[in-house]
Amino acid sequence: MPLENKLDELKSKGLLRLLKEIDNKSSTEIIFGGRKYINFSSNNYLGLSSDSRIKKKAAEGIDMFGVGSGSSRLVAGSLKAHHILERVLAGFKQKERALVFPAGYMANIGLVCSLAGKGDAVIMDRLNHASIIDAAKLSGARIFVYPHKDMDALEKALKRTGSYSSRLLITDSLFSMDGDMAPLEDISVLTEKYGASLMVDEAHATGVFGRNGRGVAEYLGIEDRLEFSMGTLSKALGCQGGFVAGKGELISYLINTARSFIYTTGLAPSICWAACEAIRIIEEEPQRREGLLKKSEHLRKKLKENGFNTLDSCSQIIPVLTGDIKTTITISDKLMVKGIFVPPIRPPTVPEGMCRLRISLSSEHTYEQIDHLIGSIRESV
Ligand SMILES: *Cc1c(COP(=O)(O)O)cnc(C)c1O
């Protein structure tokens with residue numbers, strides 16, 4: 001089918017996506033099409049992307065190292081900024097060593113494809129992030145998917161895959177569309193029992209959950225059970241990139257095998273410099289994540305009181321179930337008229353009939369903005 005027809009087909013189903021040109025943004029507002037909106041769609045959960053201290057560090061990084069890394073980390077692009085950031089990340093995650101990738105997506109591709117291959121089994125939650133699904137497919141391993149958080153089904157999958165030489169279980173720690181947590185303790189007990197390895201993606205939880213902001217594993221007190229984990233610098237840290245933290249030999253192995261690490265230019269050094277500062281702020285300013293989680297609780301409570309279904313969300317990511325595609329888009333459009341941007345989420349990102357508004361909160365949103373959002377959603381359905 002010619003591309004034009006394929007695009008028409010998407011359009012007729014209400015699935016055609018267009019890029020919005022954002023003229024500018026702050027931690028809670030975006031400006032586009034000549035208008036300002038309160039932004040409830042950003043993963044910049046702690047407002048760090050525009051924090052003056054982090055911007056200053058990024059500029060300092062450019063002064064010291066230039067703009068681009070210049071080559072692959074394995075050739076001559078492994079700058080001091082990368083190594084310092086990796087030491088900071090290892091300390092933050094309390095692991096032996098860390099490795100930085102130019103994107104969280106690439107960290108998942110590299111990690112999964114290095115650890116699993118043809119003849120191996122990858123077991124995963126149905127709601128895992130697209131980057132994990134792509135990574136599993138690319139790895140060539142046989143993929144086993146269990147229904148969301150269904151521990152009985154997971155145990156069955158572990159039994160069923162007993163004959164595979166290597167099994168890797170992968171789960172988001174905080175699910176990106178439902179805002180709920182994986183039962184990591186149960187999962188780690190099961191993987192230990194059946195001798196599978198466990199990989200946890202803490203993209204949305206890094207900087208937000210746990211006493212020190214290390215993620216859901218810290219929050220649940222099970223960090224010691226995880227040999228390694230993956231996180232991003234692109235969400236609460238307000239920067240860019242992804243990382244893996246774990247044992248020294250894992251990191252050495254990734255350096256030698258992860259193609260999304262080897263065959264790409266190293267992350268921009270200014271970003272590394274800025275990310276070090278972001279971690280310092282996360283460690284030293286717990287009030288940011290505490291405030292964010294309090295505001296999230298307030299919003300969920302108010303939405304529920306008003307009869308909205310927020311699924312199992314227990315975080316700063318709050319879905320409001322709206323049903324079909326048309327209704328969801330109409331509500332989102334009405335909110336925009338009121339100066340509020342909440343994106344409509346539709347298939348293929350979520351299953352048919354599970355369309356939703358996906359609210360993501362920032363510690364920088366005010367209670368006034370949140371209450372304005374609740375009132376506006378009520379008026380728009
Ligand atoms: C966003 C996200 C990623 C990808 O991270 P980027 O740095 O944006 O490439 C990976 N996993 C999960 C669960 C995510 O939400």
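For ligands, and for the atoms within them, numbers begin at 1 and follow the listed sequence. Position 1 is the first residue of the sequence, and the numbers go up from there.
- Counting heavy atoms under 4.0 Å from ligand 1, residue N108 touches it through the side chain alone.
- With ligand atoms numbered from 1 in the order given, ligand 1 contributes 2 (C), 11 (N), 12 (C), 13 (C), 14 (C), 15 (O) to contacts under 4.0 Å with heavy atoms of A203.
- Each of the atoms 5 (O), 7 (O) of ligand 1 lies under 4.0 Å from some heavy atom of T232.
- For the pair S131 and ligand 1, a heavy-atom separation below 4.0 Å is found.
- Going from atom OG of S380 over to atom NZ of K338 covers 4.5 Å, rounded to the nearest 0.5 Å.
- In terms of protein heavy-atom proximity, atom 8 (O) of ligand 1 is nearest to S234 OG, 3.6 Å.
- Judged by distance alone, the side chain of S260 and the main-chain N or O of M106 form a donor-acceptor pair under 3.5 Å.
- Look at K235 and you'll find a heavy atom under 4.0 Å from some atom of ligand 1.
- Among the atoms of Y105, some N or O lies under 3.5 angstrom from an N or O of ligand 1.
- Paired with D51 under the rule salt bridge (charged side-chain N to carboxylate O under 4.0 Å, His left out), one option of K56, R288, R280, K57 passes, and it is R288.
- Scanning all protein heavy atoms for the shortest distance to atom 11 (N) of ligand 1 gives D201 OD2, 2.6 Å.
- Shown in contact with A103 at under 4.0 Å from a heavy atom are these atoms of ligand 1, numbered in order with element: 7 (O), 9 (O).
- Checking side-chain atoms of D172 against main-chain N and O of D201 turns up no donor-acceptor pair under 3.5 Å.
- When non-hydrogen atoms are compared, ligand 1 lies under 4.0 Å from neither the backbone nor the side chain of Q240.
- Looking at K334 and E379, no side-chain N of the basic residue comes within less than 4.0 Å of a carboxylate O on the acidic one, giving no salt bridge.
- A salt bridge links E9 with K13: the distance from a Lys NZ or Arg NE/NH1/NH2 to an Asp or Glu carboxylate oxygen falls below 4.0 Å.
- Of the possible polar contacts, none joining the R211 side chain to the E218 backbone as a donor-acceptor pair under 3.5 Å is found.
- Ring centers of F243 and F92: at least 6.0 Å apart, outside the cut-off.
- The shortest N or O to N or O distance between G104 and ligand 1 is under 3.5 Å.
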